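Values reported hereafter were calculated over all heavy atoms of this structure, with side chains retained and with hydrogens, waters and symmetry mates removed. Bear in mind that the values here come from a model prediction, so they are computed numbers and not experimental data. A note on names: the letters A, B, ... follow the listed sequences, proteins ahead of strands, and every chain is numbered from 1.
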Number of protein chains: 2
Amino acid sequence: MAEQADVLRRTPLSRDRILRAAVALADATGIESLSMRNLAQDLGVVPMALYKHVANKDELLDGMIDVVVGEIDPPVPDADWKRTVRLRVLAARRALSRHPWAALAIESRNTATPGVLAYLDSTVGVFRAGGFSTDLTHHVMHAMGSRILGFSQELFDAARRAGRSGATGPEPAAAFPPEAAARFPHLAAIAGAASHDEASVVTPGCDDQFEFEFALDLLLDGIERLHRQDWTSTGRAS
Amino acid sequence: MAEQADVLRRTPLSRDRILRAAVALADATGIESLSMRNLAQDLGVVPMALYKHVANKDELLDGMIDVVVGEIDPPVPDADWKRTVRLRVLAARRALSRHPWAALAIESRNTATPGVLAYLDSTVGVFRAGGFSTDLTHHVMHAMGSRILGFSQELFDAARRAGRSGATGPEPAAAFPPEAAARFPHLAAIAGAASHDEASVVTPGCDDQFEFEFALDLLLDGIERLHRQDWTSTGRAS
DNA sequence: ACCTGAACACCGTTCAAGT
DNA sequence: ACCTGAACACCGTTCAAGT
């Protein structure tokens, strides 16, 4: 770590080098412990040196987001809009999964970065090429929400960690704790219901990838149905 | 503001009074400017006095979340699970909408609060009472994601603010800016496509409530279809 | 025993002094 | 002209000194 900093010290700073170091630091220690001072130290540089290349911390975060979004595999041309969207979303999920802080960072910024806009634009293009009206495409993009970028909101996942004390850093989701099970019987009943393979009796947690694809397909199937019946917002043909 | 603090100064501090003041402060000035020092000043109290009632800032945030979740109208008994879920989710949306900081706060905490767990538990109960298997209920809860608490992820919304400079504080979503329209033609094409009423030509933004209900119904319709065909995770009957 | 001021270990960022 | 140390205005939280 220290000798690496020594090696890098003489190579000149650049926006790109700063962004890559910031991503690596957030990957390693979490976004909440990423600070300008901290990042500067990793780069063997005085904190103020960073401000030559990024205006402030918000711009740094925007840049980091676009590094991650830039890792998403380009779309594979396919006649079928549904398969194209599905593969691209799963590619986004792979990229975002490599950087666990990225999803929350994207949601926290109240303005989309150029990289996110480019991604959304190309995805809209897939729907349009598939024959979707601008009207339906608009609503469909809203309905997909952040799922279009490969992440869901982890709200329900947080319940699996309900009894966790958070002392020993990140760890796999624990089983639903007994005292919570008594107070929340319905949650306890379904917590163990998703053992997709019989071997996972000890850790009854569910398969995140399965859940994601389940929700994605639920949405895509519904979208396909609306598209087939030429749905418009003025008169629902349901 | 100052005379209000004077009046409150002699009424004794309590966890409840702290939480309500924190919610009010976050509502008024945003969650990012809520600090312990700041909140203490609003209460006419020295910062350290707060620590008698909340262990730390994280616990304060958890308490604030449960104040908001506690404002959700209780479920209305109805024979129809679909209508029950729909009404409850829309009730959650109304409560969360009154506190714009709450959605992100809930997502940021990596453990569910007791109030959120209670809400999820009762919602699971609605599905179970409607005849859903534990298996399907589990996946369905994941698929709904944070939408079950009445908020979506605003990812696509951020695109509408793409050209915004953020200088003058919170403001309604601006029209898609011209220079962005050139770079992201597909987004520009659908940005204006959602004028639900003809009067909104000047501000072509879309109707958030419509988009939310569109997505909610898309999910509920898909869920109903799976339920009708007795879907199980082992053999998809699609 | 309770309360609280000062202090500690941090932040992001400004700015003026150094080269 | 460029770089950077010190400083400013904040944080959350600890702790010891006061009552």
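- A salt bridge links A:D73 to A:R94: one of the charged nitrogens lies within less than 4.0 Å of a carboxylate oxygen.
- In terms of phosphate contacts, B:N38 brings no side-chain nitrogen or oxygen within less than 4.0 Å of OP1 or OP2 of D:dG12.
- Without hydrogens or angle criteria, A:Y119 side chain to A:A92 main chain gives no donor-acceptor distance under 3.5 Å.
- Whole-Å rounding puts the B:Q41 CD to D:dC10 C1' distance at 13 Å.
- Less than 4.0 Å separates DNA chain D from at least one heavy atom of each of the following residues of residues 49-65 of chain B: B:Y51, B:N56, B:K57.
- Among residue pairs with one or both ends in residues 58-68 of chain B, those qualifying as side-chain hydrogen bond (donor to acceptor under 3.5 Å, both in side chains) are B:R15-B:E59, B:D62-B:R109, B:D66-B:T113; sequence neighbours excluded.
- One atom, CG of A:L39, and another, C1' of C:dG12, lie 13 Å apart when rounded to the nearest Å.
- Taking atom CZ of residue A:R37 and atom P of nucleotide D:dA6, one finds them 12 Å apart after rounding to whole Å.
- Pair assignment for C:dA1 gives D:dT19, based on Watson-Crick or G-U wobble hydrogen-bonding distances that are each under 3.5 Å.
- Because its NZ or CZ atom is not both nearer than 6.0 Å to the ring centre of A:F151 and within 45° of the ring axis, A:R93 does not count as a cation-pi partner of that residue.
- Spacing of C1' atoms, D:dA9 relative to C:dA9, comes out at 16 Å, to the nearest Å.
- C:dT14 and D:dA6 make up a base pair, with Watson-Crick or G-U wobble contacts both under 3.5 Å.
- A donor-acceptor contact shorter than 3.5 Å links the side chain of A:D121 to the backbone of B:H186.
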Quick one: side chains of residues 44-54 of chain A, donor-acceptor pairs under 3.5 Å with protein atoms, not counting sequence neighbours, listed by atom name and distance.
none

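- Checked against the 6.0 Å centroid threshold, B:F210 and A:H142 do not count as a close aromatic pair.
- Comparing C:dT13 with D:dT13, their C1' atoms sit 23 Å apart, to the nearest whole Å.
- Minimum atom distance to the side chain of B:S35 is reached by D:dC11, of the listed D:dC11, D:dG5, D:dA7.
- Using a 4.0 Å heavy-atom criterion, one finds that A:M48 contacts the bases of the nucleic acid, with or without backbone contacts as well.
- Atom CG in A:L13 sits about 12 Å away from atom C1' in D:dC3, given to the nearest Å.
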